[in-house]
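Each chain gets a letter, A, B and so on, in the order the sequences are listed, and its residues count up from 1.
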Amino acid sequence: MRIAIATTSAGRVELLDPDGGLHLDCDAAELPERVARLEAEAAPRWVWRDTREWAPRLLGAGVRVARCHDLRLCGAILASSTAVAAGGSIVRERPTWLPAGPAEGGLDPAAAPAPSVDRGPALFDFEPAPRGKAHGSPSVADLAREHDRQVALAAASDRPSSMRLLLAAESAGALIAAELHAAGLPWRRSVHERVLEESLGPRRPVGGKPARMEELAVAVRRELEAPALRLDSQADLLRALRAAGIGVDSTAKWELREHEHPAVAPLLAYKRLARLLSANGWAWLDEWVVDERFRADYVAGGTATGRWATSGGGALQLPKAVRAAVVADPGWSLVVADASQLEPRVLAALARDPAMAAAGRGRDMYRSIVDAGVVATRDEAKVALLGAMYGATTGDSGRLVPQLARAYPRAMALVDRAARDGEAGRQVTTLLGRSSPLPPPSWHVAQAAASQPDATAVEERRARSSAREWGRFTRNFVVQGTAAEWALCWLAGVRTRLAAMEAGGTRAAASGPVFERAPHLVYFLHDELIVHTPADQADAVADAVRAAAEEAGRLLFGDAPVEFPLDLAVTGSYASVGA
DNA sequence: TAGCCTAGCGCC
DNA sequence: AAAGGGCGCTAGGCTA
């Protein structure tokens, strides 16, 4: 059963089951109660334009739904997928009231920057969606028609069941993103403050530089003989470094590291502290941590490959140093799990490369590659695999890739094919059917110019370089994008299992917000998740997380002989996990 | 003054 | 250790 849900012009909310008798409208204030009742009775798939319009208000009232179809996100996938048939009688155009997906570039073509010839093609100045700005308010009948259209497109695609899975997983991801925000990541303010004070010194008034940074700045100025130097100005710093005889072309730390000079060590230490202060210092704590919870703004489907993005808070780049502040509530535990070596395993399964799949059956894929005699050391195996997936051509990585190619020809052929497609300006597509964006018009212009008889050497070199650049993007896209699909299925499977635990457990009858009484997801980062759970349910949660990983492997790859082992820990603190 | 761009660096 | 892919965020510095 499905129920479309929309706001009416009168500001009320309308619900429609287009296949059954249900059609009602209600006051917005009654909505959560209505939805909760329908959810309990019929467990429908909720069809709405945008999960962000509905999930937060439902969650705010303590109501969760099991399934939805996010027309915006699914419409974006279908609109660009090469798996969706070009011909046929189904309308390909999205309705005007449907906004573009988050990774499709600007909504308004007029607002997009004009292609610049001088600047050359940038990798990511995407073509905006070929439509105007979203406008108008859809009725529930509009939503139902659009849902029919999307379902029909999926059914007519060259992989209907995969596409249905992708749309369901994408929609589940949108729900989970809203739930992660509502639940918040447990964050112990006092622990974070201790980390800051131990490295920076006590908090200073606004504008004041922490004591430890000031000491280091004094040392740097002394060693550079630049008593008035402002270390925060890259331009000034670079001049001072060169004046002191340090031959750097930038102030980047990997370049500084190469030089033996007494100013380098305190400068690197200063930069490390400056980064901590500006990215995750007291100001961040004040802004983002409220009532011992960090509530990130996740953007489901926010990147071209299907990985999530965030807007604000930097949840996808929490430095290791501050993760100590992620601490379970008293009587609760964290179940922290990540899929180890996910992308190389995905490549092995995707390419159906029997030799690489054999390596992917082991607990440590890199070690297995060494044991198979492909390369000499585990480190070489890692570098070679990453190089194959990312398109490395130079350095150790580029040197090792040919050895890998000999041992795993099918896997190598898959990523090489993806790279050639990208270099030629073609789209590539993940296992479940998400396609890469096309390169921007400026890219095509540069390619065309370089193929003219009168092209200059500079034009040809630039065109070749941008072609290879796009090829590296598409090479990586198929692996990263399919890995994101695995992760999304895993995440959704965990959510479903936690919901079942909640319903079956003795706590179900308890009152209060669901996030205060039952195991729930609190963090997701590409191939890693955290569940916050009452301590006595932690083992059951761990089992659920493992079961969901196995299920994700089966959903994507059937019986392909590749395993997706988890590194999993039941812990009180995120700091105690990993290296 | 607001908005845009780049450098730099954190994460996977 | 850096290199290849994907990101977000901040500060500084420039332009409109």
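Residues of residues 480-491 of chain A that place a heavy atom closer than 4.0 Å to DNA chain C, in numerical order, are A:Q480. Taken residue by residue, residues 274-283 of chain A places heavy atoms nearer than 4.0 Å to DNA chain C at A:R275, A:S278.
Between the side chain of A:E170 and the backbone N or O of A:C74 there is no donor-acceptor pair closer than 3.5 Å. A:S436 contributes a side-chain N or O that, together with a main-chain N or O of A:V428, makes up a donor-acceptor pair within less than 3.5 Å. At least one donor-acceptor pair under 3.5 Å links the side chain of A:W490 to the backbone N or O of A:V545. No donor-acceptor pair closer than 3.5 Å links the side chain of A:E343 to the backbone N or O of A:A483.
Regarding contacts with the backbone of C:dG8, every side-chain N or O of A:S311 stays at 4.0 angstrom or more from both OP1 and OP2. Under 4.0 angstrom from either OP1 or OP2 of B:dC9 there lies at least one side-chain N or O belonging to A:K271. Put simply, A:K382 has no side-chain N or O that comes within less than 4.0 Å of OP1 or OP2 on C:dG4. For the OP1/OP2 pair of C:dG5 and a distance below 4.0 Å, the side-chain nitrogens and oxygens of A:R472 include at least one atom meeting the criterion.
Sequence neighbours left out, the pairs with a member in residues 192-202 of chain A that pass salt bridge (Lys or Arg N to Asp or Glu O under 4.0 Å) are A:R189-A:E193.
Across all strands shown, A:G313 has heavy atoms under 4.0 Å from sugar-phosphate atoms exclusively, and none from any base. A:V479 comes within 4.0 angstrom of nothing in the nucleic acid, heavy atoms only. Using a 4.0 Å heavy-atom cutoff across all strands shown, A:W308 reaches no nucleic acid atom at all. Nucleic acid contact class of A:G387 (heavy atoms, under 4.0 Å, all strands): none.
The nearest whole Å value for the distance from the CZ atom in A:R323 to the P atom in B:dC12 is 5 Å.
Checked against C:dG4, B:dC12, C:dC7, the side chain of A:Y390 finds its nearest nucleotide in C:dG4. With C:dG8, B:dG10, C:dG6 as the candidates, the nucleotide lying closest to the side chain of A:H526 is C:dG6.
Within 3.5 Å, a donor on the side chain of A:R307 pairs with an acceptor on the base of B:dC12, or the reverse.
Taking for each of A:E287 and A:E258 the nucleotide of DNA chain C with the nearest heavy atom, the 5'-most of the two is the partner of A:E258.
What you find for A:G184 and A:R295 is that their closest heavy atoms are N-NH1, 3.9 Å.
A:R212 has a carboxylate O that lies under 4.0 Å from a charged side-chain N of A:E215, or vice versa, which qualifies the two as a salt bridge. Electrostatic pairing of A:R363 and A:E563 does not count as a salt bridge here, judged by no charged N lying under 4.0 Å from a carboxylate O. Salt-bridge annotation for A:R230 and A:D232: absent, with no side-chain N of the basic residue lying under 4.0 Å from a carboxylate O of the acidic one.
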Every protein N/O within reach of nucleotides 13-16 of chain C N/O, cut-off under 3.5 Å:
residue, atom, partner, partner atom, Å
C:dG13, OP1, A:S233, OG, 2.5

For A:R495 and A:E179, run salt bridge (Lys or Arg N to Asp or Glu O under 4.0 Å): C-alpha distance rounded to whole Å, both residues' side-chain angles, the deciding distance at 0.1 Å, then the answer.
CA-CA 10 Å; A:R495 176 179 187 268; A:E179 291 172 2; 2.7 Å; yes
Could you list the donor-acceptor pairs under 3.5 angstrom formed between side-chain atoms of residues 398-416 of chain A and any protein atom two or more places apart in sequence or on another chain?
residue, atom, partner, partner atom, Å
A:R399, NH2, A:D396, OD1, 3.4
A:D416, OD1, A:R475, NH1, 3.1
A:D416, OD1, A:R475, NH2, 3.0

Report all side-chain donor-acceptor pairs from residues 521-530 of chain A shorter than 3.5 Å, counting only partners two or more places apart or in another chain.
residue, atom, partner, partner atom, Å
A:Y523, OH, A:A315, O, 2.7
A:E528, OE2, A:Y574, OH, 2.6

